[in-house]
Amino acid sequence: MEVNAIRQVATPWAGARGLTTGLMLTELHQDVWNGSLILSMGMPTDIDTPPRVIYRLVFEHLFGYRVLEGSDVMDFMDDDERDIDSQIQLITPSRFLTWFHQQTQGTHLEEDIQHYRISSWDFCVDVLAAQAPLVQRKAGVI
């Protein structure tokens with residue numbers, strides 16, 4: 001970490017309380033027309049079968065997102081962020097949000113944009129949104 005870098009703090013997102021742990025990201029879909037992002041998360045059943053979708057996180061007022069996969073996930077996260085049990089965290093202060101404001105020349109400074117991090121063993125999705133995601137549980141599961 002650079003000497004002058006923003007030190008980020010990952011806090012478990014209260015809306016994820018009670019969700020199943022050990023979920024994998026199974027699908028990411030952005031609807032460009034209405035500005036939403038849907039993350040499907042599931043539980044693996046066996047090595048030859050795709051994970052069964054259990055939850056969907058729907059972000060409605062999306063400003064941006066990024067996805068890292070594989071070994072890049074661990075290199076990207078700060079040492080103190082790796083031990084968080086929750087798979088969905090709020091990041092404050094956020095280097096990603098700072099970068100976003102720089103790129104947009106402060107156009108959205110008046111908006112309450114939050115940085116959500118959704119992490120699993122092989123993917124990390126960072127989302128900038130002005131509203132908390134809606135958590136949808138797939139019917140008939142759990």
Side-chain angles (χ1 to χ4, degrees), residues 1-2 5-142:
M1 182 185 293
E2 299 173 18
I6 297 170
R7 180 165 170 69
Q8 300 184 131
V9 176
T11 305
W13 177 56
R17 199 170 294 135
L19 295 183
T20 303
T21 57
L23 296 170
M24 296 176 62
L25 183 66
T26 61
E27 183 178 295
L28 183 142
H29 174 77
Q30 181 182 6
D31 184 332
V32 177
W33 185 255
N34 72 17
S36 67
L37 179 70
I38 301 171
L39 303 175
S40 297
M41 300 181 78
M43 189 62 71
T45 53
D46 65 60
I47 197 161
D48 297 324
T49 307
R52 181 181 53 163
V53 173
I54 298 174
Y55 298 105
R56 285 192 174 84
L57 299 176
V58 181
F59 290 91
E60 292 292 340
H61 197 70
L62 179 70
F63 284 94
Y65 69 94
R66 63 184 176 195
V67 180
L68 294 174
E69 62 179 294
S71 61
D72 297 330
V73 171
M74 296 312 280
D75 293 339
F76 175 72
M77 297 171 78
D78 292 342
D79 289 337
D80 58 340
E81 293 177 29
R82 295 181 190 168
D83 296 328
I84 301 268
D85 290 333
S86 174
Q87 288 186 260
I88 306 171
Q89 301 115 24
L90 283 171
I91 307 297
T92 54
S94 165
R95 292 188 289 262
F96 185 31
L97 183 54
T98 299
W99 172 86
F100 172 78
H101 285 310
Q102 290 170 345
Q103 297 305 305
T104 61
Q105 299 179 356
T107 304
H108 302 283
L109 282 171
E110 297 301 317
E111 300 198 48
D112 185 21
I113 302 172
Q114 299 295 315
H115 176 177
Y116 296 87
R117 174 167 291 155
I118 299 90
S119 56
S120 65
W121 65 274
D122 61 347
F123 285 95
C124 178
V125 181
D126 287 296
V127 178
L128 298 178
Q131 297 174 352
L134 172 64
V135 179
Q136 300 174 336
R137 179 175 292 189
K138 187 167 179 179
V141 179
I142 300 180

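Predicted, not measured: the structure shown is a model, and the values here were computed from it. Residues: numbered from 1 along the sequence shown. Values reported hereafter were calculated over all heavy atoms of this structure, with side chains retained and with hydrogens, waters and symmetry mates removed.
In this structure, Gln105 places its CD atom where only 12 or fewer heavy-atom neighbours from other residues, nucleotides or ligands lie under 6.0 Å away. More than 12 heavy atoms of other residues, nucleotides or ligands lie within 6.0 Å of CD in Glu111, so this atom counts as buried by the packing criterion.
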Residues Leu19, Ile88; criterion side-chain contact (heavy atoms from CB on, under 4.5 Å); working and verdict: CA-CA 10 Å; Leu19 295 183; Ile88 306 171; 3.9 Å; yes
Check against side-chain contact (heavy atoms from CB on, under 4.5 Å), Gln89 and Thr11: CA-CA 5 Å; Gln89 301 115 24; Thr11 305; 5.9 Å; no
Chi angles and distances behind the side-chain contact (heavy atoms from CB on, under 4.5 Å) call for Leu23, Tyr55: CA-CA 9 Å; Leu23 296 170; Tyr55 298 105; 3.5 Å; yes
Leu57 vs Tyr116, side-chain contact (heavy atoms from CB on, under 4.5 Å): CA-CA, chis, key distance, verdict: CA-CA 11 Å; Leu57 299 176; Tyr116 296 87; over 6 Å; no
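Of all non-hydrogen atoms in Met43 and Ile54, the two that sit nearest each other are CB-CD1, 3.5 Å. Nearest heavy atoms, Thr107 versus Thr104: OG1-O, 2.5 Å. Nearest heavy-atom pair across Pro51 and Gly42 is CB-C, 4.0 Å. Closest of all the heavy-atom pairs between Gln8 and Arg95 is OE1-N, 2.9 Å. Residues Leu62 and Gly64 approach most closely at CD1-O, 3.6 Å, considering heavy atoms. For the pair Val67 and Phe123, the tightest heavy-atom approach, listed with the atom from each and the gap, is CG1-CD2, 3.9 Å.
One finds the CD atom of Gln102 at 10.0 Å from the CG atom of Leu97 (value rounded to the nearest 0.5 Å). The structure places OG1 of Thr92 at 12.0 Å from CZ of Arg7, a figure rounded to the nearest 0.5 Å. Note: Leu37 CG to Ile118 CD1 = 8.0 Å, rounded to the nearest 0.5 Å. Between Gln136 atom CD and Ile38 atom CD1 the span is 7.0 Å, to the nearest 0.5 Å. The NE2 atom of His29 sits 5.0 Å away from the CG atom of Asp31 when rounded to the nearest 0.5 Å. Between the OG1 atom in Thr20 and the CZ atom in Arg137 there is a gap of 6.0 Å [rounded to 0.5 Å].
Between His108 and Phe100, the distance from one ring center to the other falls under 6.0 angstrom.
Side-chain N or O atoms of Ser40 include none that pairs as donor or acceptor with a backbone N or O of Thr26 at under 3.5 Å.
Between Glu27 and Val53 the shortest side-chain heavy-atom distance does not fall below 4.5 Å.
Relative orientation of the Phe63 and His61 rings is perpendicular, given thresholds of 30° and 60° on the angle between their planes.
Screening Gln114, His101, His115, Arg117 for a side-chain hydrogen bond (donor to acceptor under 3.5 Å, both in side chains) involving Ser94 leaves a single residue, His115.
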